[in-house]
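Keep in mind that what you see is a predicted model, and the values were worked out from it rather than measured.
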There are 2 protein chains.
Amino acid sequence: MKRAKQKIFQDYIAKQGLKSTRQRDIILDAFLSSDRHLSIEELYLKLRAKHPNIGYATVYRTLKLFADSGIAREIQFGDGQTRYEHVTEGEHHDHLVCTECGAIIEFENESIEKLQDEVAVAHGFLIKHHKLELYGLCAKCRP
Amino acid sequence: MKRAKQKIFQDYIAKQGLKSTRQRDIILDAFLSSDRHLSIEELYLKLRAKHPNIGYATVYRTLKLFADSGIAREIQFGDGQTRYEHVTEGEHHDHLVCTECGAIIEFENESIEKLQDEVAVAHGFLIKHHKLELYGLCAKCRP
DNA sequence: ATGCTATTGATATTCACTTTCAGCAGACAG
DNA sequence: CTGTCTGCTGAAAGTGAATATCAATAGCAT
């Protein structure tokens with residue numbers, strides 16, 4: 001899994017005539033071996049511990065590259081931070097977001113997707129992507 | 001409808017010990033008689049035509065007040081601007097967002113809401129609110 | 001009308017990116 | 001291996017939207 005994504009990224013880099021660098025390898029490794037919903041800041045801080053010389057801008061640009069290459073996707077949960085989540089081919093999921101502890105739970109629901117398609121068709125709309133987030137209290141935080 | 005919301009807002013103002021001011025009346029009127037998904041900037045510019053002496057900060061603060069009072073709600077469609085939409089008691093809707101022309105279409109779907117509740121229950125999650133947006137091309141913009 | 005307190009508008013500040021740029025480092029030809 | 005070309009990096013400056021500050025002003029109760 002991790003290997004597969006590294007491969008995808010390397011291929012993307014090569015195809016675009018970009019370069020493979022030490023920083024990109026480090027950031028990719030950190031990204032792939034971490035929680036699935038990191039903000040730039042979080043990844044940057046995490047990296048700084050071991051690699052104090054990697055700059056924020058590099059993390060920022062590299063995450064964008066991940067998104068371009070298809071192994072990551074930007075998401076926003078309305079807390080003012082852009083987060084990046086892992087993307088696995090052929091898989092799509094939505095999120096439950098705990099407003100108390102910040103926990104993010106992923107879920108898939110084929111029936112909802114189908115209904116969304118129906119809504120789109122009814123409005124002559126062509127869906128490119130969607131966003132479904134359920135905000136509330138997770139099992140641990142609910143009263 | 002418009003009257004009802006004005007009433008709600010006036011009551012809220014009174015209950016909180018806040019003051020009724022000329023600016024708030026003007027901004028409320030402009031908000032209620034406009035498109036349902038305005039950003040602060042848009043409302044500010046719209047107001048400036050007739051009331052060049054109302055400041056951006058006042059529009060910003062007043063929209064927050066609208067949200068607090070329950071007649072408006074903040075929404076974000078990922079274009080970097082916070083928008084405010086009208087809230088009508090007992091009504092909930094989601095959005096189709098055209099990524100080409102920016103059109104925003106509202107829709108309601110009871111079945112989807114029900115499925116969302118099921119997902120939440122299955123995860124022991126207590127939903128407070130949710131967000132469902134379908135991004136793509138509207139009937140006019142699709143090829 | 002007076003005094004108390006909320007409100008306003010201009011401005012400054014914050015926040016989270018995003019861009020710039022000079023120096024650096026892959027990659028490839030020779 | 002070395003040079004060269006071109007992309008990459010890190011620090012710092014720049015952006016744009018949102019939020020905070022503050023002196024002057026304006027509601028509202030007395």
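Atom CG of Asp79(A) and atom C1' of dA17(D) are 16 Å apart (whole Å). Following rounding to the nearest Å, Ile26(B) (CD1) and dA26(D) (C1') show an atom-to-atom distance of 14 Å. When the P atom of dC8(D) is taken as reference, atom CZ of Arg61(A) falls 9 Å away, rounded to whole Å. Distance NZ (Lys19(B)) to C1' (dG27(D)): 5 Å, rounded to an integer number of Å. Going from atom CG of Asp68(A) over to atom P of dC8(D) covers 12 Å, rounded to whole Å. Nucleotide dT25(D) holds its P atom 15 Å from the CZ atom of Arg22(B), rounded to whole Å. Between the CD atom of Glu42(B) and the C1' atom of dA17(D) there is a distance of 13 Å, given to the nearest Å. Atom CD of Gln76(A) and atom C1' of dA17(D) are 13 Å apart (whole Å).
First and last contacts of DNA chain C with chain B, using any nucleotide atom under 4.0 Å from a protein heavy atom and ordered 5' to 3', fall at dT5(C) to dA10(C).
When each of Tyr44(B) and Tyr60(A) is assigned the nucleotide of DNA chain C bearing its nearest heavy atom, the one mapping closer to the 5' terminus is Tyr44(B). Mapped onto DNA chain D by nearest heavy atom, Tyr84(B) and Ile13(A) fall at different nucleotides, with Ile13(A) at the one closer to the 5' end. Comparing Val59(A) and Lys64(B) against DNA chain D, the residue whose closest nucleotide sits nearer the 5' end is Val59(A).
Applying the side chain to side chain donor-acceptor pair (under 3.5 Å) test to residues at least two apart or on different chains, the pairs with a partner in residues 79-91 of chain A are Lys5(A)-Thr88(A), His37(A)-Glu85(A), Ser39(A)-Gln81(A), Glu42(A)-Arg83(A), Arg73(A)-Glu85(A), Glu74(A)-Tyr84(A), Asp79(A)-Arg83(A), Glu85(A)-His93(A), Glu85(A)-His95(A), Glu91(A)-His93(A).
Scanning for salt bridge (charged side-chain N to carboxylate O under 4.0 Å, His left out) contacts around Asp11(A) gives Lys7(A), with sequence neighbours left out. Judged as a salt bridge (charged side-chain N to carboxylate O under 4.0 Å, His left out), and not counting sequence neighbours, Lys46(A) has no contacts. Partners of Asp25(A) according to the salt bridge (charged side-chain N to carboxylate O under 4.0 Å, His left out) rule, which considers only residues two or more places apart in sequence or in another chain, do not exist here.
Between the side chains of Tyr12(B) and Gln10(B), no donor-acceptor pair of N or O atoms lies under 3.5 Å.
Ser39(B) comes within 4.0 angstrom of nothing in the nucleic acid, heavy atoms only. When heavy atoms are screened at a 4.0 angstrom cut-off, Glu41(A) is found touching no nucleic acid atom at all.
Look at Gln23(A) and you'll find a side-chain N or O under 4.0 angstrom from OP1 or OP2 of dG10(D). An OP1 or OP2 oxygen of dG27(D) is reached within less than 4.0 angstrom by no side-chain nitrogen or oxygen of Ser20(B).
Here Asp94(B) does not pair with Lys131(B) in a salt bridge; the nearest charged N to carboxylate O distance is not below 4.0 Å.
Counting distance only, with no hydrogens placed and no angle test, the side-chain atoms of Arg24(A) and the base atoms of dG7(D) include no donor-acceptor pair under 3.5 Å.
Side-chain atoms of Tyr56(B) lie closest to dA17(D) of the nucleotides dA17(D), dG10(D), dC8(D).
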Anything under 3.5 Å between a donor and an acceptor, one on a side chain of residues 114-128 of chain B, the other on a protein residue two or more places apart or in another chain? List them.
residue: Gln116(B); atom: OE1; partner: His130(B); partner atom: ND1; Å: 3.3
residue: His123(B); atom: ND1; partner: Val119(B); partner atom: O; Å: 3.0
residue: Lys128(B); atom: NZ; partner: Thr99(A); partner atom: OG1; Å: 3.2

